[in-house]
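Note that these values count all heavy atoms, side chains included, but never hydrogens, waters or copies made by symmetry. Chain identifiers are assigned alphabetically (A, B, ...) following the order of the sequence lines, protein sequences preceding nucleic acid strands; residue numbering begins at 1 within each chain.
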Amino acid sequence: MTLIRLAIRNTRRQTRRTIYTGLAIGIAVAALTFLDAYLRGALESMVNSFTRLDAGHVKILPAEAVKKSRPLSPEEAMRDISRLLEIVNSTPGVISSTPRIKFPVLLDKSNGSIPAVGVGISPLGEENFMQLGQFIIQGKMMSDSSYGVVLGAELAADLGKTVGDELFMVARDAFGGLGPGLYTICGISKTGVGMVDRKMFYLPLPAAQEQLALEDAATEVVCRLENGLESAEGIASQMNESLKRAGFDHISAVPWQQQFALFQMISMVGLAKFLMMFLLAIIALTTVINTVLMSVMERTREIGALRALGFDRGFVLRMILAESLVVGMLGTIFGIILGIGVATFFHYVGIDLSGSLSKIDFPIRPIIYPHPVLLTAIQSAIFGLIVSLIAAWYPARKAVRLDPAQALRTN
Amino acid sequence: MKKRILLLLCLILTAMPLPGFAKTAEEWIHHIDLNMNYMTAEYTSTMTVHHPNGQERVYRMQGKVQGDDYALMEFLEPPRDRGTRYLKREKNLWIYFPRQDRTLQIQGHMLRECVQGSDLSYEDLTESSQLIEKYTSLIVSETDSTVTICLEAKEMTVSYPFQLLQIDKTSGIPLKIVYSGVGNTPIKEMEILQTQRIGKRLFPVVMEIRSLLVENKWTRLEFEDIEFGMEFPLDTFTKEGLER
């Protein structure tokens, strides 16, 4: 208790230095708090967009395609899809499932052709997933039996097409040959997800099956589950067993966490967070070490007097560490309040990154809403306190090594 | 007596296969070019594509080729592809789809994509160029009946920068060709199963092309009918001709 009181008193002796040191820690803690909330928000947005637009909670696809990030070729599509859907839908916990055919395609343009990705969907089935209808900005959604397509807004602009125009395309069919298709553009969508708006178009599943000679086949089946984000892994393994029993040997049910693209993104976010933490710690450490070291140097005689009066090295060490801890605690409290405050503000306002995110080939919405949680504050507090202790360690060691007689003679 | 001995010596010497009398790599390649290369050709062929899953698909087509730059090909079978036509003009390819009455243009590297899932690219089917102009050649091994020659492209822009040809010494026609990509990685091999004398040339009419990248995948190409050296009307290799 004496030590704490002494530490508090000492921090008051050089108020300005205490404020600078506290601010350095506070700003690092605030930056970390905000960064954590921001990355949490970005990750939640990614998971939400990814599971809705692409992955579902569980995606069923050919086993060899699990680690591929490109669309499968029609030759690799899963057959006997009606029976597969029966098995999937009878798995406990599955709310709904829908098949899709995703395929690379060349779209006819007046002076050549451009590559794009076609997605054959069942408009009704997708109501529990991508809900494409709500993103249509012009025209209307296609029906199951039509030859209508919905084009991403940027893709439509690139092609110079609008609602009512014909769209001619050629894709590789199930035999490796060319599957031509002629459709009418019935709608233009803007999801806000760069890759979807720039590269993709949607067409009715039966039309895609006909164009690619893929009767009763699909390249993937997505499933929505009760408590999907938590239960996906367990239900996926149940599905895998049922599929194997039914003779679907080369087909895998993959929970959203294990899907290649998202797995890569989660790893990247984790790495980015670690690097930022490391950088912030270095900045905070250099500032705090500097100020604590200055404080020790200025108080060389005082430390010498304390040692001469009989206070042992351990006491001096604890005293300096306690001082740093007090400053660190003040800075951390300030940093957490600032970081959580800014993160909460942007949680409601959002951070618009449409300029840069639209170029990323990953289903993520361009407005990020940081999401501060209690864990963010706890993590930042631990960071602030550890940084202050580490920063004080070197100056404290230097202080305890002083010879009392020599220290007393110091001017 | 001296004259007789001299005559006998001459006869023996001319009958001996002296090394100096063996064909060089360039001569073998020139011989292949004389037989297999043409300025113009018109053909009907059948292509059987065997997929790794055991599925087999048979395509029948007819085509006209003029050198490296111009070709027109039309599918006759199966019904799904009937009437689909390809026009190649230099480095551009147009494909006409009769059911949609639409033409799509593809360019550049797309020409190296496989035709109808086969092991032949659009370039393979629509080009005829002199090997001697595009490759340097080197004999790598020789037996009594065959000679093996390695070809290396003078410019790496060709479809297959390396080729290994096993040539039958009697006919001068390759028995097998291994096509390799950059870094000499084998891509596919072609086995010539049957040749036919057409005019002055000996031309391969049945061949099997096997992928070396995908297991159990091969294509058999049979020329039912092929003629060389004709002249085509000026509008044969035009977009109008394609859509006619």
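- One distance of note links CZ of A/R79 with CG of B/N53; it measures 8.0 Å at 0.5 Å rounding.
- Other residues, nucleotides and ligands contribute more than 12 heavy atoms inside 6.0 Å of the CE atom of B/M230.
- Contact check for A/F168 versus B/T103: no side-chain heavy atoms found under the 4.5 Å cut-off.
- Heavy-atom distances place no part of B/F75 under 4.5 Å from chain A, backbone and side chain included.
- Residues A/L178 and B/Y86 form a side-chain contact, since some pair of their non-hydrogen atoms from C-beta on lies under 4.5 Å apart.
- Between A/D108 and B/Q105 the shortest side-chain heavy-atom distance does not fall below 4.5 Å.
- Counting heavy-atom neighbours within 6.0 Å of B/K154 NZ, excluding the residue itself, gives a total above 12.
- Contact annotation for B/Q55: only side-chain heavy atoms (C-beta onward) come within less than 4.5 Å of a heavy atom of chain A.
- When all heavy atoms are compared, the tightest approach of B/R80 to A/L212 is NH2-C, 4.0 Å.
- More than 12 heavy atoms of other residues, nucleotides or ligands sit less than 6.0 Å from atom OH of B/Y96.
- Of the inter-residue distances, the one linking A/E166 atom CD with B/R102 atom CZ reads 4.5 Å to the nearest 0.5 angstrom.
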Evaluation steps, side-chain contact (heavy atoms from CB on, under 4.5 Å), between B/V49 and A/F175:
CA-CA 9 Å; B/V49 183; A/F175 307 109; over 6 Å; no
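- At most 12 non-hydrogen atoms from other residues, nucleotides or ligands lie less than 6.0 angstrom from CD of A/E215.
- Side-chain contact check for A/L106 versus B/L104: some heavy-atom pair is nearer than 4.5 Å.
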